[in-house]
Number of protein chains: 2
Amino acid sequence: MEEPGSIRPGGRTARVRAAVLRAAGDILAERGFAHLDLTDVARRAEVGKTTVYRRWGTVTGLVADLLTDMADQSLPRARTGSLEGDLRANARLVQRTLADPRQGNLFRAVIAAATCEPRTTEALHRFYDTRVREWAPCVEEAIDRGELPAGTDAEEVVRAVSAPLYYRLLAAGGPLDEATADQAANAAVAAARAGAFVR
Amino acid sequence: MEEPGSIRPGGRTARVRAAVLRAAGDILAERGFAHLDLTDVARRAEVGKTTVYRRWGTVTGLVADLLTDMADQSLPRARTGSLEGDLRANARLVQRTLADPRQGNLFRAVIAAATCEPRTTEALHRFYDTRVREWAPCVEEAIDRGELPAGTDAEEVVRAVSAPLYYRLLAAGGPLDEATADQAANAAVAAARAGAFVR
DNA sequence: CTCTTAATGGAACTATGGACCCGTTATGGA
DNA sequence: TCCATAACGGGTCCATAGTTCCATTAAGAG
C-alpha cells in the first residue's frame with residue numbers, strides 16, 4: 001500500500017482529495033499556515049481524521065500536494081504582440097492574484113509552508129518553473145525580433161517581473177496595485193534591453 | 001503590568017530576553033518555523049516555561065520581538081563612490097546573508113512567521129524599512145550627480161536590488177551566488193537609468 | 001453481477017503544547 | 001542598606017493534535 005490513492009484513485013478517493021485540498025486552501029487563506037492542523041482540515045472537509053493523517057501525514061505534506069494541484073491549473077499566457085504588452089499583462093496577472101485577499105493569503109501561506117520542508121520547497125519550485133516556462137516564449141520572440149540582445153536569459157526576465165511583487169507581498173510590504181505591476185514590467189524590460197540578463 | 005520587562009528591564013530580565021531570543025533564533029534556523037514551540041524555546045534557553053508564555057504569549061509574538069532585536073543591529077552601508085559599486089555591495093551583502101545556512105534559514109523562518117500575524121508582519125516591514133533607508137542615500141547621491149533621472153524613487157531602487165534575491169530564496173528557487181547578486185544590482189541600475197523608477 | 005481488497009472513518013488512546021496557581025528571586029528606588 | 005513588588009519559575013491541570021485498531025464501504029477487475 002504505497003501512496004494511498006494510487007491503486008484506486010477514482011470515485012470516492014478523488015472526492016476526498018478534492019474536499020481535503022479545498023478545505024486546506026480555505027484554512028490557509030483565512031488563518032494562515034501557523035493555524036493549520038490536519039484535525040481541523042478533516043472536520044471542515046467532512047472527512048475522516050484518520051484518512052487525512054494516513055494519506056498526507058503532515059501539514060507540509062498536505063501543502064505539497066496542494067501545490068501540485070495548483071500547478072496543474074496553469075493559465076495560458078497573453079499574446080499582445082509586443083514585449084512590453086506581454087510582460088505588463090503578466091505583471092498585472094501576478095499582481096491581481098497576490099492582491100486578491102484569498103489568493104494572496106493562500107500564496108503567503110503556501111510559501112511559508114515551503115519554508116519548513118524540502119519536499120514542499122521542491123513542489124513550490126516546480127509550480128514556479130511551470131509558470132515561468134509558460135511565459136518565457138514572449139521574451140524569446142522579442143530576442144528573435146531583435147528587441148533584446150542575443151543571449152538574454154528569457155526565463156530570468158520573466159522572473160524579474162514577478163520578483164518585486166513577491167518581495168512586497170512577503171518581505172518589505174507596500175502597495176500591490178496596478179502601478180506597481182507596470183513598474184515591475186517596465187523595469188524588467190529596461191534592464192533586459194540594457195543586457196542585464198545576458199548569460 | 002503591561003508588557004513584562006518594561007518596568008524593570010535590567011539585569012535578569014535582559015538576560016532572560018537575550019537567552020530566549022537566541023534560543024528562538026537557533027531553533028528557527030535549524031528546524032524552521034513549523035517546529036517552533038515555546039516549550040522547546042524555554043527548555044533551550046534554560047528559562048521557565050511560564051516566563052516565555054507570559055512575556056511573548058505566542059510563537060509569532062516571539063518572532064516579532066526577535067525582529068525588532070534584529071532591526072537594532074543594522075550594518076552601515078558601503079561607500080564605494082559609484083552607484084554600481086554601492087548597489088553591488090548591497091546586493092552581495094544581501095546575497096551572502098541569504099546564502100549563509102543559518103542566516104538564510106532564519107530569514108525564511110521569520111518571513112514565514114510574518115505570514116501568520118499582522119503584528120509580526122509590521123515588525124518585518126519595519127525591519128526592511130530600516131535597511132532600505134540606510135541604503136537609499138547612495139541612490140540619492142547618484143541622482144544629485146545626474147547619473148539617474150530626477151524624480152527617481154531612491155528607496156524603490158534599493159528594493160529592486162533585493163527583490164530578485166528574496167524571490168529566489170522564498171519562491172522560485174535557483175542559485176544564490178555572487179553572479180546572481182551582481183545581475184540584480186546591474187538590472188536595478190539599468191532600469192533606474194532608463195527612468196523605470198521615476199515617480 | 002460478484003468478489004477481492006483498497007480506502008475510508010468511527011472510537012478509544014496517548015503525548016504534549018499551552019494555561020494557571022502561587023511561592024521564590026532579585027531589581028531599582030528611597 | 002532596606003523594602004515593595006516586578007519578574008521569574010516549579011508544579012499541576014486541561015484541551016487537543018496525532019496515533020492506533022478495526023469495522024464498514026465501495027472501487028474496479030473478471
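Throughout, protein chains are lettered first and strands after them, A, B, ... in sequence-line order, and every chain is numbered starting at 1.
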Below 3.5 Å is the cut-off: list the nitrogen or oxygen pairs between protein and nucleotides 19-23 of chain C, distance only.
{"from": "C/dC20", "atom 1": "N4", "to": "B/Thr50", "atom 2": "OG1", "distance (Å)": "3.3"}

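Nucleotide C/dT4 holds its P atom 17 Å from the CD1 atom of A/Ile7, rounded to whole Å. Distance, B/Asp37 CG to D/dA17 P: 15 Å, rounded to whole Å. In this structure, CG of B/Leu36 is placed 14 Å from C1' of C/dG18, rounded to the nearest angstrom. Summarising the geometry, the separation between NE2 on B/His35 and P on C/dG17 is reported as 12 Å, rounded to the nearest angstrom. As a whole-Å value, the separation of A/Leu38 CG from D/dG18 P is 6 Å. In this structure, A/Ile27 places its CD1 atom 13 Å from C1' of D/dA17, rounding to the nearest Å. Atom CZ in B/Arg55 sits roughly 11 Å away from atom C1' in D/dA6 (whole-Å rounding). Protein atom CG of A/Asp40 is 11 Å distant from nucleotide atom P of D/dG18, rounded to whole Å.
Inspection of the B/Tyr167 and A/Tyr128 side chains reveals no N or O donor paired with an N or O acceptor under 3.5 Å. Residues A/Asp100 and A/Thr97 have side chains that never bring a donor and an acceptor to within less than 3.5 angstrom of each other. Between the side chains of B/Tyr53 and B/Thr39, at least one donor-acceptor pair of N or O atoms lies under 3.5 Å.
For the OP1/OP2 pair of D/dC8 and a distance below 4.0 Å, the side-chain nitrogens and oxygens of B/Arg15 include no atom meeting the criterion. For the OP1/OP2 pair of D/dG9 and a distance below 4.0 Å, the side-chain nitrogens and oxygens of B/Thr51 include at least one atom meeting the criterion.
When distances run from any side-chain atom of B/Thr13 to the nucleotides C/dG9, D/dA7, C/dT8, the shortest one goes to D/dA7. Minimum atom distance to the side chain of A/Thr39 is reached by D/dA17, of the listed D/dA17, D/dT25, D/dC8.
B/Arg88 has no carboxylate O lying under 4.0 Å from a charged side-chain N of B/Glu178, or vice versa, which leaves the two without a salt bridge.
With a 4.5 Å cut-off on side-chain heavy atoms, A/Asn90 and A/Arg92 do not count as touching.
Considering every non-hydrogen atom in both A/Leu62 and A/Leu38, the closest pair reads CD2-CD2, 3.8 Å. Scanning both residues, B/Arg31 and B/His35, for their nearest heavy atoms gives O-ND1, 3.0 Å.
Mapping A/Arg43 and B/Arg12 onto DNA chain D by nearest heavy atom places B/Arg12 at the nucleotide closer to the 5' end.
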